[in-house]
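To keep things clear, I will list the structure first and then write my remarks on it.
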Amino acid sequence: MTETTMEPLVVEREETKSGFVGQSIPRKEDKRLTQGQGVFFDDVKRHGMGYVHFVRSPYAHAKIVSIDVSKALELDGVYGTLTGDEVAIQTDPFFELSTPPGSEIKDYALAVGKTRFQGEPVAAVVAATRELARDAAELVEVEYEPLDVVVDPEAALAEGAPILHEDAGSNVVWSGVFDWGDWEAAKAEADHVVTIDYLHFDRFSSTPLEMSGCLVEYERATGQWTLYCNHQMPGVGAIWMAPAMRVGIDKLRFVTHDIGGGFGNKICLHPYYVACCLLARKLKRPVQWTEWRTDQHMANSHGNERVFRDVEVAVKADGTLLGFSCRAIDDCGAFPRYEPLGAIIWSQVTPGLYRWRNIRVDFTQACTNKSPVGPNRGYSRLQHLWLTERIIDIVAAELELDPVEIRKLNYVKADEMPYETPNGCVYDSGDYARCLDQALELVGWTAMDERRRDAESRGKLLGVGIGSTLDSGTNNFGQSTLINPELQFSGNNEVATVKLDIFGELVVTLGTVPQGQGHETTASQVVADILGVTPDDVHVRPGHDSFWNSHAGFSGTYASQFAVTGLGAVQGAAEKLAWEIKRVAAGVFGAEPDDIELAEGQARLAANPEAAIPFMGIGAIVNANNAILPMDVRDVTLNVRHVYVPPFQLPDKERKFGNLTLTYATQIHVCVLEIDRETGAYEIVDWAVVDDCGKRIHPQIVEGQVHGAWAHGVGAATTETFPYDEDGNLLTANFYDYHVPHALDMPPLKTGHIESPSPFTPLGTKGMGEGGGGAIHAVCAAIQDALRPVGKPVVYDSHNPYHRVWELMTRPEDSRKLVTVESR
Amino acid sequence: MIPISFQVNGETVEREVDPRTLLVHFIRDDLDLTGTHVGCDTGNCGACTILVDGEAVKSCMLLAVQADGTSVETVESLAGDGELTRLQQAFSAAHALQCGYCTPGMLMSATYLLRNNPEATEREIRKAIQGNICRCTGYVNIVKAIQEATR
Amino acid sequence: MLLREVQYVRPGSVDEALAALSSHEGARALAGGQTLINVMKARAASPDVLVDLGRLDELRTVERNGDGGLRIGAMVTYAQLMRDSTVGEARPILAEVASQIADVQVRNRGTIGGNICSSDPTNHFPPLAAAQGWRMHVRGPEGERELSADEFFLGVYFTAVGPGELLTAITIPAGGSDGFASVTLGADGTCIANAAAQVRDGQARIALGCVGATPVVVSSPEDVRTAAMDPPSDVHASADYRRHLAEVCARRALEQAA
Amino acid sequence: MKLEGTRSFAAPRGTVWEVLNSPHQMAEMMPGVESFDVADDRHWRANVKIPLGLGGMRMSINFEKLEEREPEFAKLHAKGTGVGALMNMETAFHLADGEGGGTEMRWEADVRIAGPVGSMGQRVLQPIVNQQVQNVLGALDKQVQQAAGT
């Protein structure tokens with residue numbers, strides 16, 4: 001077995017710099033987390049609290065005829081219940097982002113009148129213990145009248161399909177055509193037009209190990225709710241919840257501490273949280289809800305499933321790609337919630353990594369009787385990037401082109417950066433070809449033929465696949481206006497505060513809501529360098545408390561942006577504080593602020609380091625001894641706030657054109673796998689990934705994100721899937737059937753990196769972490785490569801369990817039918 | 001309710017328990033040792049791994065009554081004297097944790113491995129943590145950390 | 001998670017266990033609990049009384065029979081099978097197969113008796129039991145019965161162990177050579193298809209798992225195609241694919257045995 | 001999940017019809033019936049505990065007779081609740097005179113299970129349902145024999 005390579009084999013541009021930024025210092029979070037002292041929401045208890053258990057619909061689509069909670073209420077230890085009828089009276093539907101018909105959809109905390117997916121909560125019960133709550137939930141009698149079910153998005157759009165939302169009158173949430181360049185001209189100019197009838201990006205989710213939940217306290221005196229929870233974007237949660245609950249946004253206090261993974265799956269928790277808030281108010285006691293694994297799989301949020309139809313690709317004889325067109329049908333499940341943002345978010349990476357200029361996508365999003373979707377690591381871009389990577393490999397296979405050469409020929413070049421895409425996005429920096437070369441070298445590209453022969457001698461088919469992706473980070477929320485011109489969102493922002501306390505302690509609060517990304521550590525590195533202290537001297541408050549932590553409209557941890565927005569805010573705040581400290585010291589020494597340097601926890605005269613005031617002294621002077629300060633320094637508070645606002649413009653709504661994200665990190669994967677000729681079972685035997693996310697604040701954390709994104713991709717490509725039967729039963733509602741790769745499933749990993757600093761961000765960093773699904777693309781490509789000798793089947797699905805591989809290899813003609821080449 | 005008496009991290013615990021209470025819930029809710037986590041409802045994820053009489057087990061597949069008369073070790077026992085164990089230090093040094101939710105179970109599985117096989121190979125390490133799901137790290141740095149701790 | 005109400009008893013002897021099992025119709029034996037407790041968490045099955053066999057050390061022994069076979073107590077864990085030197089010498093396949101079941105934690109609790117009594121078609125030991133001619137020793141109020149695999153496995157989650165009865169041990173006749181092969185969901189994961197084989201005096205006996213409610217026995221891989229299988233179609237494999245895998249597993253198990 | 005089959009009985013059609021249409025005889029046939037109430041001749045309700053090795057799976061089942069054409073055709077609907085699951089079954093049987101005064105029965109059933117148990121997958125459910133159907137048919141044989149004997 002190849003030894004796992006932990007350190008990058010090739011390190012480009014090694015920079016020696018004093019300071020903590022760029023160093024993999026020990027994480028601040030680790031001390032508590034390795035001792036089991038992390039505080040996750042389910043660890044929080046309150047006197048007299050009741051446990052919530054949701055009664056969930058076993059039907060994917062049914063009319064609710066009646067709900068009878070009387071037997072549940074008779075059980076000893078039951079505190080009360082909540083039903084959809086109460087919810088419909090006490091709250092308004094959550095606002096919808098879409099234009100009609102999607103905007104007409106009514107989404108409440110509990111099902112009102114009918115249920116639209118299996119696992120949808122129809123009632124809630126609160127009891128003294130978790131077990132009793134479940135006992136009581138079983139006693140709630142719900143009479144359903146089953147309705148016809150539709151689980152396929154294309155079937156949902158067909159004439160006569162069962163309609164999920166009568167108010168919308170259609171299963172269409174949103175549709176629109178994206179048309180950039182001149183597709184018809186490109187097609188006319190092409191030497192080959194490759195048509196792919198059908199591609200399917202599968203449904204899965206990152207299934208964070210910690211389930212969703214909250215503990216809610218209601219204070220009657222002030223009408224205020226406190227939610228100890230694990231919402232990863234509470235600001236947005238509040239924007240959904242407060243209007244629906246008919247209260248001001250300040251009535252909702254969100255407190256998070258440690259969160260056991262989010263990956264986007266903890267953004268759409270508002271229906272559950274509203275139900276818990278109503279229960280806490282109704283029952284006059286704290287209530288606690290912990291989702292169970294089966295619940296999470298059935299009814300939390302899945303990643304978007306997407307079908308691509310009639311994909312046409314215009315190619316020149318030498319392999320130059322001119323453009324493509326397709327229809328995309330996105331399946332958002334029973335309720336849009338965060339959607340239809342996914343209908344635009346993909347266009348952050350419209351051309352993928354390639355230079356084609358003529359792209360036309362006819363996009364429709366449909367509702368089906370399945371779990372609602374929500375943002376999921378790589379949200380909406382990985383589906384589209386998978387499409388572009390599939391196109392490249394299918395085109396290469398059909399035209400007998402080398403998958404490496406066709407990529408290099410068509411990749412956006414390093415010297416073209418910053419590069420404006422056909423839809424106005426600006427790729428800030430990067431060198432894709434160099435990343436690819438490095439990845440190929442790591443995996444031993446030149447020895448691959450020998451390895452193929454060796455595999456063959458063991459009854460195996462060896463395949464190599466490339467997955468090249470972009471991780472677009474720092475959203476311009478103006479993109480929402482491209483789906484709904486009425487929406488009043490644009491730009492982005494993030495907040496941090498840094499203060500120097502009375503005894504010299506440096507305290508940082510973040511607007512973000514970390515779930516494992518090490519924000520406490522990286523923020524302390526940035527602050528330490530600016531203030532001349534060590535990260536140990538900087539206390540970054542763990543978690544997020546919306547009453548403590550200053551935050552802005554887009555605060556949260558999502559969409560690969562902390563290294564830009566979060567640390568941009570931290571940097572700004574630390575610089576402001578540095579200036580205040582210098583002014584205080586200058587005031588004391590009768591010098592100018594520019595004469596002061598900050599080092600070793602002191603403010604001192606640069607010309608005479610002996611003249612120094614420790615930070616403790618500065619803190620004491622401003623907070624407790626400020627009469628000694630000159631009048632012009634008395635505005636100093638040593639408690640500063642900075643809002644980082646990226647330089648965005650409003651996009652052009654007509655042309656759907658504009659810069660939608662600030663940074664573009666790159667990940668290039670190369671997967672090597674072996675398929676058992678007799679069974680279709682396969683094993684991933686080697687893997688290399690090269691990452692470029694600009695300046696790296698904490699290389700180890702960056703690598704960790706690369707590892708995680710890789711693992712999610714491998715899972716999605718191989719054993720993680722959320723399939724439904726025709727009745728709308730989810731078939732993988734637990735970790736038995738939804739197989740998450742474990743340590744034996746994951747091959748050794750070789751990693752490398754280059755650094756192309758972003759010219760657009762304060763620290764030269766780029767957002768990263770989502771990874772763009774690179775591993776999915778690489779596995780698909782490797783399977784297709786391995787199967788070339790057995791009839792050259794076409795890998796048409798993002799998820800390829802053994803049985804699908806077996807079908808591909810035994811009936812290659814079935815998938816070959818999907819592709820035609822018209823050569824002129 | 002059934003009376004039980006057992007050792008938890010070296011201290012005697014005597015309580016009455018409802019037979020249907022799972023050991024993991026007893027540890028978390030009754031003993032307030034919240035380092036032991038719940039990540040699934042089918043015994044697959046290993047976040048609830050503890051040692052019972054020195055054997056690694058999933059505490060969601062044991063009833064609290066079954067712990068009667070045993071000696072239980074949870075993650076809280078590892079740095080009992082305030083000093084992180086070699087393994088805990090290696091986890092931090094190798095960045096073997098991100099969100100930290102799987103970490104307690106992972107540490108207990110690794111502790112069990114190292115007690116029984118202090119010179120485990122990479123393959124043995126992977127096999128030893130196969131019952132512990134991590135969604136953040138792809139296991140790369142977890143394997144590395146345990147390797148560090150074997151040296 | 002969150003079980004229904006249940007009573008619990010922990011007998012100190014097999015006789016006490018039998019008495020407890022007989023005293024209540026809804027009583028069930030709790031062995032390692034690695035299946036039963038999960039099923040109870042799903043509230044799919046709900047025994048009224050759990051009779052915990054955990055302290056019955058008399059069921060945790062491995063012995064060599066006079067005829068060179070093995071007698072294995074029903075409460076012997078997978079981990080015990082893996083490290084037991086008698087097993088290692090007499091029937092190393094048992095240790096090899098045990099090491100592929102689930103994970104370390106489950107192997108520390110899960111028992112050979114539980115594996116066959118739960119009679120899940122994807123389990124590892126039922127095909128071995130059928131291929132190797134295990135005898136299941138079932139004790140009840142009327143005394144002890146001895147059953148072959150054919151008599152023992154009745155259906156999914158369903159065996160010949162009746163109310164008030166208890167599987168106490170299995171005996172494995174002195175063997176020829178053994179093999180086991182599987183295709184799993186993830187490395188060492190749930191079996192999508194599996195097969196066990198034994199060759200003794202030139203005679204092959206192959207038992208297929210995952211393709212019916214109970215193990216399907218054939219005498220050669222060529223017979224798999226025509227064997228009376230009823231493989232389920234599910235998210236991991238279609239019935240046809242399972243049939244094909246059964247054939248491959250049969251051949252591989254036999255190759256290992258031969 | 002759709003199931004179907006045929007079965008021959010060594011008893012006249014009328015006898016088989018009677019057994020199949022008597023709620024009480026029906027109750028005797030079903031595995032694990034704990035209680036049985038007849039509301040009227042078209043509706044009845046059973047509490048069952050389907051015996052599995054791991055412990056019983058409890059369900060409360062409501063039966064409704066949808067259609068009958070004595071003595072050749074009947075259609076039943078059964079809806080079961082319990083264990084966080086819902087079972088919906090529609091079953092129909094056609095009776096015809098068989099050889100030697102016997103009866104030929106052709107039956108079909110469409111069983112749908114929803115909820116978390118439904119989600120556990122066909123792997124487990126399909127064989128369990130098959131098993132229960134075999135039990136019911138076996139019991140039906142016995143009942144018919146008894147009825148024919150008396």
Side-chain angles (χ1 to χ4, degrees), chain A residues 1 3-4 6 24 26-27 29-40 42-43 45 129-131 206-211 258-263 290 292-294 515-518 700-701 703-705 707-712 714 734-736 740-746 748-749 751, chain B residues 18 20-21 25 28-29 32-47 74-76 78-79 84-85 87-89 91-104 107 122-123 125-144 147:
Chain A
M1 186 182 283
E3 199 46 52
T4 308
M6 302 299 178
S24 295
R27 289 203 325 167
E29 294 84 350
D30 293 351
K31 192 158 190 279
R32 63 174 185 273
L33 293 171
T34 54
Q35 295 185 82
Q37 291 169 347
V39 181
F40 297 88
D42 190 70
D43 303 341
K45 297 181 182 71
T129 69
R130 300 178 201 267
E131 288 85 357
S206 297
T207 61
L209 201 53
E210 179 206 33
M211 263 72 74
D258 294 304
I259 296 181
F263 316 116
T290 300
W292 300 107
R293 172 61 48 197
T294 307
Q515 316 117 36
Q517 298 91 344
Q700 217 180 26
I701 286 179
E703 293 244 327
Q705 291 292 321
H707 301 164
W710 166 66
H712 282 188
V714 169
N734 54 54
F735 276 158
Y736 269 112
V740 176
H742 51 58
L744 281 173
D745 293 325
M746 297 305 287
L749 180 66
T751 59
Chain B
D18 182 342
R20 66 163 153 173
T21 304
H25 284 143
R28 288 181 50 76
D29 295 345
D32 256 327
L33 293 169
T34 53
T36 303
H37 294 152
V38 176
C40 71
D41 44 23
T42 46
N44 294 91
C45 82
T74 69
V75 67
E76 285 88 350
L78 294 183
L84 297 189
T85 61
L87 181 69
Q88 287 169 310
Q89 289 174 31
F91 263 58
S92 179
H95 188 36
L97 61 151
Q98 291 181 29
C99 80
Y101 197 77
C102 75
T103 309
L107 286 166
E122 182 193 328
R123 173 82 194 173
I125 290 169
R126 288 183 181 270
K127 184 109 178 139
I129 58 167
Q130 181 198 8
N132 294 74
I133 292 175
C134 171
R135 294 259 53 175
C136 297
T137 66
Y139 312 98
V140 177
N141 289 342
I142 294 175
V143 173
K144 184 182 177 185
Q147 279 177 319

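Below, all heavy atoms of this structure are taken into account, side chains as well, without hydrogens, waters or symmetry copies. Quick caveat, the model's predicted, so the values are computed rather than measured. Within every chain, numbering begins at 1; the chains are lettered A, B, ... in the order of the sequence lines, protein sequences first and strands thereafter.
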Say you draw a straight line from [atom1] of [X] to [atom2] of [Y]; how long is it, rounded to the nearest 0.5 Å?
{"X": "N132(B)", "Y": "I142(B)", "atom1": "CG", "atom2": "CD1", "answer": "8.5 Å"}
{"X": "Q35(A)", "Y": "Q88(B)", "atom1": "CD", "atom2": "CD", "answer": "5.5 Å"}
{"X": "E29(A)", "Y": "T103(B)", "atom1": "CD", "atom2": "OG1", "answer": "11.5 Å"}
{"X": "L97(B)", "Y": "C134(B)", "atom1": "CG", "atom2": "SG", "answer": "9.0 Å"}
{"X": "Q130(B)", "Y": "I125(B)", "atom1": "CD", "atom2": "CD1", "answer": "14.5 Å"}

**OP:** Check N734(A) against R293(A) and note the closest heavy-atom contact, atom names and distance.
**Re:** CA-CG, 4.5 Å

Leading residue by heavy atom contact count with chain B [cutoff under 4.5 Å; candidates [options]]:
{"options": "G260(A), G518(A), G262(A), A711(A)", "result": "G260(A)"}
{"options": "D745(A), D43(A), V740(A), V39(A)", "result": "D43(A)"}
{"options": "S206(A), P26(A), S24(A), A709(A)", "result": "S206(A)"}

Where does [X] contact chain B at under 4.5 Å (heavy atoms): side chain, backbone, both or neither?
{"X": "I259(A)", "result": "backbone"}
{"X": "T207(A)", "result": "both"}
{"X": "Q515(A)", "result": "backbone"}
{"X": "Q37(A)", "result": "neither"}
{"X": "W292(A)", "result": "both"}
{"X": "Q517(A)", "result": "neither"}
{"X": "D258(A)", "result": "neither"}

Using a cut-off of under 4.5 Å for heavy-atom pairs, which of [options] has the most such pairs with chain A?
{"options": "T36(B), V75(B), D41(B)", "result": "D41(B)"}
{"options": "P104(B), C136(B), A93(B)", "result": "C136(B)"}
{"options": "G100(B), A128(B), C102(B)", "result": "G100(B)"}
{"options": "I129(B), L78(B), L84(B)", "result": "L84(B)"}
{"options": "D29(B), T21(B), V38(B), L107(B)", "result": "D29(B)"}
{"options": "C40(B), G46(B), G35(B)", "result": "C40(B)"}

Examine whether an atom of [X] lies under 4.5 Å from a heavy atom of chain A, and if so say whether it belongs to the side chain, the backbone or both; otherwise answer neither.
{"X": "D18(B)", "answer": "neither"}
{"X": "S92(B)", "answer": "both"}
{"X": "A94(B)", "answer": "backbone"}

Subject >> Evaluation steps, side-chain contact (heavy atoms from CB on, under 4.5 Å), between K45(A) and D32(B) >> reply: CA-CA 10 Å; K45(A) 297 181 182 71; D32(B) 256 327; 2.8 Å; yes

Subject >> Worked check of side-chain contact (heavy atoms from CB on, under 4.5 Å) between W710(A) and T751(A) >> reply: CA-CA 11 Å; W710(A) 166 66; T751(A) 59; over 6 Å; no

Original post:
Relative to the ring of H37(B), is the ring of Y101(B) parallel (under 30°), tilted (30 to 60°) or perpendicular (over 60°)?
Top reply: parallel

**OP:** Just do the side-chain contact (heavy atoms from CB on, under 4.5 Å) check on L209(A) and F735(A) with the steps written out, would you?
**Re:** CA-CA 11 Å; L209(A) 201 53; F735(A) 276 158; 4.2 Å; yes

Original post:
Residues two or more places apart in sequence or in another chain: which of them pass side-chain hydrogen bond (donor to acceptor under 3.5 Å, both in side chains) with E76(B)?
Top reply: T74(B)

**OP:** Only counting residues at least two apart or in another chain, list the ones meeting side-chain hydrogen bond (donor to acceptor under 3.5 Å, both in side chains) with D42(A).
**Re:** R130(A), Q288(A), T290(A), R28(B)

